Amino acid sequence: MKSRTEIKDVLKAPALGSAVLVKGWVRAFRNNRFIALNDGSTPHNLQVVVDADKLPEGILRKINFHACIAAKGTLAESLGSGQAVELVADEVHILGECNPEEYPLQPKRQTMEFLRTKAHFRPRTNTFGAVFRIRHAVAYAIHKYYNDLGFYYLHSPIITGSDAEGAGEMFRVTTLDLNHLPRTESGEIDWKEDFFGRSTNLTVSGQLQAEIGALALGKVYTFGPTFRAENSNTPRHLAEFWMIEPEMAFYDIYDNMDLAEDFCKYLIRYVLEYYADDLAVLDARLREEEKNLPADKRRPMGLLEQLHFVVDNNFERITYTEAIRLLQNSKPYKKGQFEFPVEWGRDLQAEHERYLVEKEFKKPVIVRNYPQAIKAFYMRLNDPHPDEPGCTVAAMDVLFPGIGEVIGGSQREERHDVLLQRIREVGIPEEELWWYLELRKFGGAPHAGFGLGFERMVQFITGMGNIRDVIPFPRTPKNAEF
RNA sequence: GCUCCAGUAGCUCAGUUGGUUAGAGCGGCGGACUGUUAAUCCGUAGGUCCUAGGUUCAAGUCCUAGCUGGAGCGCCA
């Protein structure tokens, strides 16, 4: 039985009257006659019609929810109204039984929280099938986008010896026996005894290595897992997530913003064009979910509407200084409805970003030129500006409705003396960054780049409320099952 | 890490000011059904009320601590 046809292909170009073999998982079995079969190749099911009298003894009761079966028969125009074609089966084989008395999933709506505890079965549901197909689509579109633009895919290391990446708490990597740690004479842990002869961690960002690539290959991007040991408990954070970090020589902050906007739109457009069926499933799911919410909690737009809206409009671009001014003139500010103060020099809080994106502009917003004091050491120092009470750096954040910051990036500081001074100011040991500094000393160039949180983008495109539901096996504080 | 909310049948939930034998829908099981679409109809089984203490004549219900989940915030992508 090698000539299996995928259901996607059966439905795309049905050859009526021809013999077909399909294999998949039972989604429903109605009236001892109609099997809704899904094989993961498409969100749509194929209706398999069986004649109960002609099936071998005992098969009927094994055609259970999520049992795996093979069905051989003839494609025919459907007599029912729910589908165009159906498979009139003359053979049905059970490939994998699924005892409904023990199987945890049921043919009904179940909560995301419950399905999270069944990560080995949840891809079989309509919602997660659609989410994971789209996750694949976005990953593919990322590579296609950068390849078509002449970027090279650079593999940054997963294990890093640098702990100066400055993006948060790190997971330590060690092979030392934790019960018998080697000590130096002064009593500290002797990392020289460890596998790499030094202290190592899982990476929090591939950016610094991407800069090495950009200063040789011109335009590169990384796309790999990153790890943050932050105790973040929100629907937008994971301890293990994937990040895309393009880095381009000769780009300034404005080139960087143009690329970021074009990139976001490309990914959304790609999914709209090639995964409309899966988006329809998710759009319907979201509508259903929103129905149960009070009117003021509902999203202003449906999923498809929102995706088109992002693709069809230019992102709003403002400076941090303008953002502060806007916020100070806003209604919630004047009515004292913001929890956190708004003043130049303080970082924008989630409530402020939400106001700008969801109320003021109602579309994605790119904020640039943040105060130097609240941003990373490697961001390029701007020339003084009369409107700005302090130093700013050429940083940019792309803010999306619902999920907040989806991209963070900057033009990098390429001036050796300015960078060195900054490193000393913030107190990072210079020897940790010797190679990063040498990039400025020998053949340096102006360059810029950004990081896109892969799961946040997938979250936005699929409309899923919790980031844990757009990655197959989420890693979060107190959870590393599966 | 902080704040708030929740934990009752396989799932989703109800359970009144503390009071007799803790309920429903879905799902399961048994049966009916040859055009169903979350099929429908009849019948039926199913509970350590998260854990440990405490208050009380009496705790699913009140108190304390813990565990787990969720939301908001912080950190960020």
Side-chain angles (χ1 to χ4, degrees), chain A residues 27-36 44-54 61 64-66 76-83 86 88 98-118 126 165-169 204-207 225-245 260 284 288 292 297 338-340 347-354 374-376 397-400 403-409 450-460 465-471 476-479 481:
Chain A
R27 288 294 179 80
F29 185 32
R30 289 182 283 268
N31 222 350
N32 278 357
R33 188 158 173 78
F34 305 101
I35 301 169
H44 300 295
N45 301 328
L46 176 66
Q47 173 152 290
V48 176
V49 186
V50 299
D51 188 335
D53 298 335
K54 293 184 185 161
R61 74 180 47 168
N64 293 314
F65 181 64
H66 282 185
E77 203 169 319
S78 178
L79 300 175
S81 57
Q83 57 283 316
E86 61 194 19
V88 181
C98 193
N99 181 354
E101 273 184 281
E102 296 172 41
Y103 187 59
L105 301 197
Q106 296 166 23
K108 58 172 264 185
R109 279 163 47 83
Q110 295 177 109
T111 59
M112 293 296 137
E113 291 80 7
F114 173 70
L115 289 171
R116 235 168 264 157
T117 68
K118 312 291 173 198
N126 289 332
E165 286 158 13
E169 291 297 309
V204 293
S205 163
Q207 180 202 311
T226 46
F227 308 85
R228 307 260 170 104
E230 304 283 352
N231 190 12
S232 297
N233 293 290
T234 85
R236 302 178 304 283
H237 289 85
L238 291 164
E240 175 183 300
F241 64 101
W242 288 63
M243 188 152 63
I244 302 96
E245 294 174 289
E288 194 61 31
N292 301 321
K297 289 259 175 84
F338 286 137
E339 186 189 341
F340 292 91
D347 207 355
L348 299 179
Q349 301 297 316
E351 59 178 352
H352 307 140
E353 296 180 348
R354 291 189 74 118
I374 59 172
K375 287 291 181 182
D397 284 356
V398 180
L399 311 175
F400 266 42
I403 51 174
E405 187 179 342
V406 74
I407 282 178
F450 60 82
L452 170 85
F454 180 60
E455 281 78 14
R456 289 205 180 155
M457 181 52 82
V458 176
Q459 209 187 339
F460 181 76
N466 193 311
I467 201 166
R468 295 162 200 194
D469 299 325
V470 300
I471 187 168
T476 51
K478 301 275 184 287
N479 182 13
E481 191 74 58

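Note that the coordinates shown come from a computational prediction; the quantities given were computed from them, not determined experimentally. Letters A, B, ... are given to chains in the order of the sequence lines, protein chains preceding strands, and every chain is numbered from 1.
- Rounded to whole angstrom, the span from the CG atom of Asn31(A) across to the C1' atom of C33(B) amounts to 6 Å.
- In terms of polar N and O atoms assigned as donor or acceptor, the side chain of Ser232(A) comes within less than 3.5 Å of the base of C75(B) in a complementary pairing.
- No hydrogens or angles were tested; on distance alone, nothing pairs the side chain of Arg61(A) with the base of C29(B) as donor and acceptor under 3.5 Å.
- Across all strands shown, Phe65(A) has no heavy atoms under 4.0 Å from either base or sugar-phosphate atoms.
- Rounded to whole angstrom, the span from the CD1 atom of Ile403(A) across to the P atom of C76(B) amounts to 17 Å.
- Of the side-chain N and O atoms in Arg30(A), one or more sit less than 4.0 angstrom from OP1 or OP2 of A39(B).
- Spacing between atom CG of Leu452(A) and atom P of C76(B) amounts to 18 Å, rounded to whole angstrom units.
- Distances shown here put a side-chain N or O of Asn466(A) below 4.0 Å from the OP1 or OP2 atom of A71(B).
- A side-chain hydrogen bond (donor to acceptor under 3.5 Å, both in side chains) with Arg116(A) is found for exactly one of Asp469(A), Thr476(A), Asn479(A), namely Asp469(A).
- Place Val88(A) and Phe29(A) on RNA chain B by their nearest nucleotides, and Val88(A) ends up nearer the 5' end.
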Protein proximity profile, nucleotides 44-49 of chain B - base contact B, sugar-phosphate-only contact S, no contact -, cut-off 4.0 Å on heavy atoms = ------
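- C13(B) is paired with G23(B) under the Watson-Crick or G-U wobble criterion, all donor-acceptor distances under 3.5 Å.
- At U37(B), none of the side-chain N or O atoms of Arg33(A) fall inside 4.0 Å of OP1 or OP2 (strictly under the cut-off).
- Contact annotation for Ala36(A): no contact, since no heavy-atom pair falls under 4.0 Å across all strands.
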Check nucleotides 7-14 of chain B for protein N or O atoms closer than 3.5 Å to its own N or O atoms and list the pairs.
residue	atom	partner	partner atom	Å
G10(B)	N2	Gln106(A)	OE1	2.8
G10(B)	N2	Gln106(A)	NE2	3.1
G10(B)	N3	Gln106(A)	NE2	2.9
C11(B)	O2	Lys108(A)	NZ	2.6
U12(B)	OP1	Thr111(A)	OG1	2.9

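- Residue Ser81(A) is classed as a base contact, given a heavy-atom separation below 4.0 Å to a base.
- As judged by a 4.0 angstrom heavy-atom cut-off over every strand, Gln47(A) is placed among the base-contacting residues.
- Taking the six-membered ring for Trp, His352(A) and Phe338(A) have ring centres closer than 6.0 Å.
- At whole-Å resolution of the value, CD in Glu481(A) and P in G69(B) are 11 Å apart.
- G35(B) atom C1' lies 14 Å from atom CD1 of Ile35(A), rounded to whole Å.
- The residue Ala28(A) sits close only to the backbone: its heavy atoms come under 4.0 Å of sugar-phosphate atoms, none of a base.
- Both geometric conditions, a ring-centre gap below 5.5 Å and a plane tilt below 30°, are fulfilled for Phe241(A) over the base of A77(B).
- Within 6.0 Å of CD on Glu113(A) lie more than 12 heavy atoms contributed by other residues, nucleotides or ligands.
- Here G30(B) presents its P atom at 10 Å from CG of Asn64(A), a figure rounded to the nearest Å.
- Contacts of Gly80(A) with the nucleic acid, taken as non-hydrogen atoms under 4.0 Å apart, include base atoms.
- Partner assigned to G35(B) is none, using Watson-Crick or G-U wobble distances below 3.5 angstrom.
- Remark: P of G74(B) and CD1 of Ile374(A) are 13 Å apart, rounded to the nearest angstrom.
- By the rule that a glycosidic angle within 90° of 0 means syn, U56(B) does not qualify and counts as anti.
- Within the nucleic acid shown, Glu240(A) has no heavy atom closer than 4.0 Å to any nucleic acid atom.
- Within the nucleic acid shown, Gln349(A) comes within 4.0 Å of sugar-phosphate atoms alone, with no base atom in reach, counting heavy atoms only.
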